[in-house]
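Below: the structure, in structure tokens.
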Amino acid sequence: MKKNQVKIWVGCGIFCIAAVLLSVWHAVTFNDSRLVAPMDFGSYSFNVKDLPMLLSISLTCVYVLALLIQLFISIGKSKRNAAKTNMTRKVNPKLGFLGLLGLLGFAGFWSYPVRGDITPFVFFLFFGFFGFFYEGKLSGTFMDERFRENTARAQLNTYKITFSITLIALVILCQGRLFGSLEYTLIATIIVLSLTLALGIFLPEYLLYRYDHDGQTEEGGE
Amino acid sequence: MAEFTCRLKKYRQLKNLTQEQLAAQVGVRRETIMRLEKAQYNPSLKLAIDISRAVEAPIEELFVFD
């Protein structure tokens, strides 16, 4: 994506956030916090004063949808480019820091006892983004036959490892006696599956980097 | 991987080619040529033929399987 396009997207995002904040302020000040405070939507009836809130939320939804579509288009474009030029896609290794988002998964240990919500455990999946560190190091690499073989080998070994972990964990957990409670067992299952999927995202990149660079220190060019 | 001896380095030097030049000729990375010379990588038939044409040596001379 060009810099100008990025600026437009960021500008639209800031506009949407500002619109939501303004409409929330409007609703709290002039509209008895309607659509801000929890309310029964079953008996909702339209009021002209709701308009700013409805418009800003609709605008934000459209923005998020457009952003997602743009993301898919960009991914498709970079894949087509990679196939055309035989080079790996350009990725900044710093994107690997997105893996820290996986720490959000620990929020589940707070949200489950307080609200009975187990969704945050799924965020452990984001640990997989640490793989960007290695993908970034290999970005812009010419994909010759050895590279493609290594990619396939890394993917295959990842499948073997993650399926083995999943199978072993499920066999142990499905006994249902590990924590003395079926509920805790299911939570543990979600955690294990999320972490295994994260490993499935991270490991191919790491293994590919290792296969590509193993023994590189003793190699000398001529 | 099948064990073999690779004589590519000898024939490449006879043709006064660097690893980089040979890699560019046969469409692979320099690292792949390095691995080939150390017999750490078993090439595809197409790559073996391309290399044998580039260094003008028969395949069976370049890659000797025990």
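In what follows, every chain begins at residue 1, and chains take the letters A, B, ... in the order their sequences are listed. The shown structure was predicted, so the numbers you read here are calculated from the model rather than taken from an experiment.
Annotation for A/Phe109: atom CZ counts as buried by contact number, over 12 foreign heavy atoms lying within 6.0 Å.
Within the 4.5 Å cutoff, the side chain of B/Arg29 has heavy atoms near those of the A/Thr141 side chain.
A/Tyr211 and B/Arg35 get closest at one heavy-atom pair: O-NH1, 4.2 Å.
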Given the rule in the side chain to side chain contact (heavy atoms under 4.5 Å, CB included) test, do A/Asp144 and B/Glu31 qualify, once you have shown the distances and angles that lead to the verdict? CA-CA 10 Å; A/Asp144 62 1; B/Glu31 290 86 346; over 6 Å; no

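With rounding to the nearest 0.5 angstrom, the CD atom of A/Glu149 is 9.5 Å from the OG1 atom of B/Thr32.
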